[in-house]
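Structure first, commentary second.
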2 protein chains.
Amino acid sequence: MPCGDSCPIEHTVNLIGHKWKVLILRNLHNMGTQRFGDLSKEIRGISQKMLTQQLRQMEIDGLIIRKVYPEVPPKVEYSLTELGETLKPVLDSMNLWGINHMKMSTPKDVEQ
Amino acid sequence: MPCGDSCPIEHTVNLIGHKWKVLILRNLHNMGTQRFGDLSKEIRGISQKMLTQQLRQMEIDGLIIRKVYPEVPPKVEYSLTELGETLKPVLDSMNLWGINHMKMSTPKDVEQ
DNA sequence: CCGAATCCGCAACGATACTG
DNA sequence: CAGTATCGTTGCGGATTCGG
């Protein structure tokens, strides 16, 4: 992995070119600040380890903010940074494409 | 495991929510039809196995077309399908985000 | 109790060598 | 040239455990 960021889209891909990251960002965009448990429940299919791992990396990359409340029971909230907010057009385009090209197994049942 | 196409963006992610797929699509978009060796050289960092694997899946998903020339030496060309072409807005938004937020000397593009 | 860390089994991945 | 085969390594999911 010599390069990685030689092209603009490669930079983007290195930050959000991962299935779970996109879904996490989608959740934070739609729902706003969310707790770990909320994300875990909403994004069913993701393991706790994967969720933690991706959240940590996205925090390092400056896409999200991790706020820990030193309380009992533990409470950790995740929210988008300004940089994370700027990804909205990308998420929107992906969402729009999904709407237009999803296999309509149940006709005209496209909820949006 | 209802791996999810319950949401539009999940459908998109299931098709192109992978680092290499995005880069492959980017190449086919920018360069047009390309041979296996071309993709392998342009997308340095990807292994042949990974390239083959992702190309096969994208062919199954109807994003690209694989054209084999029954010759010696072998010649295989990959190109975008109509469906694959429709992903251009998504790739463009990712590329645009990369341009605006890549850590480089874009003087004052960072403002939005 | 919630969020994260640990161990383990398995699938994915990279590098190399080989084939048609 | 365009893959396939094999192998060693890494990454991931699941269950369990820790820690506040």
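First the proteins, then the strands, lettered A, B, ... as listed; each starts at 1. Owing to the predicted nature of the structure, the values given are computational and were not obtained by experimental measurement.
Closest to the side chain of B:Thr52, from the set C:dA4, D:dG13, D:dG3, is D:dG3. Minimum atom distance to the side chain of A:Gln48 is reached by C:dA4, of the listed D:dA2, C:dC13, C:dA4. Minimum atom distance to the side chain of A:Lys49 is reached by C:dC8, of the listed C:dC8, C:dC13, C:dA5. Checking D:dC12, D:dG3, D:dC1 against every side-chain atom of A:Met50, the shortest atom distance belongs to D:dC12.
The residue A:Val72 sits apart from the nucleic acid: no heavy atom pair falls under 4.0 Å. Using a 4.0 Å heavy-atom criterion, one finds that A:Gln53 contacts the sugar-phosphate atoms exclusively. The residue B:Tyr69 sits apart from the nucleic acid: no heavy atom pair falls under 4.0 Å. Looking at heavy-atom distances under 4.0 Å, B:Pro73 makes contact with sugar-phosphate atoms alone, never a base.
A:Thr81 places a side-chain N or O within 3.5 Å of a backbone atom of A:Leu63 that can act as its donor or acceptor partner. A:Thr12 places a side-chain N or O within donor-acceptor distance of the main-chain N or O of B:Gly98, the cut-off being under 3.5 Å.
Atom-to-atom, NZ of B:Lys67 to P of D:dA2 comes out at 15 Å; the value is rounded to the nearest Å. Atom CD of B:Gln54 and atom P of D:dG3 are 14 Å apart (whole Å). A:Glu59 places its CD atom 15 Å from the P atom of C:dG3, with the value rounded to the nearest Å. The distance from atom CG of B:Leu55 to atom P of D:dA2 is 11 Å, rounded to the nearest whole Å. Atom NZ of A:Lys19 is separated from atom C1' of D:dG13 by 13 Å (rounded to the nearest Å). Atom CG in B:Leu51 sits roughly 10 Å away from atom C1' in D:dA2 (whole-Å rounding). One interatomic measurement links the two molecules: CD of B:Glu77 to P of D:dG3, which rounds to 12 Å at whole-angstrom precision. At whole-Å resolution of the value, CZ in A:Phe36 and C1' in C:dG3 are 6 Å apart.
Dashed line: the shortest gap from a side-chain N or O of B:Arg56 to OP1 or OP2 of D:dT4 is under 4.0 Å. Considering only side-chain N and O atoms, A:Trp20 lies under 4.0 angstrom from the phosphate OP1 or OP2 of D:dG13. For D:dC12, one of the phosphate oxygens OP1 or OP2 lies less than 4.0 angstrom from a side-chain nitrogen or oxygen of A:His18. Under 4.0 angstrom from either OP1 or OP2 of D:dG3 there lies at least one side-chain N or O belonging to B:Tyr78. Proximity of B:Arg44 to the phosphate of C:dG14: no side-chain N or O atom is located under 4.0 Å from OP1 or OP2. Not one side-chain nitrogen or oxygen of B:Arg35 sits closer than 4.0 Å to the OP1 or OP2 atom of D:dC1.
Here the closest heavy-atom approach between residue B:Gln48 and residue B:Ser40 is recorded as CG-OG, 4.5 Å.
Inter-residue side-chain proximity for A:Arg56 and A:Arg66 is flagged as met; some heavy-atom pair is nearer than 4.5 Å.
Evaluated for a side-chain contact (heavy atoms from CB on, under 4.5 Å) with B:Trp20, the options B:Ile43, B:Leu55, B:Leu51 yield exactly one hit, B:Ile43.
One finds no salt bridge joining A:Glu10 and B:Lys19 here, because no Lys/Arg side-chain nitrogen approaches an Asp/Glu carboxylate oxygen to under 4.0 Å.
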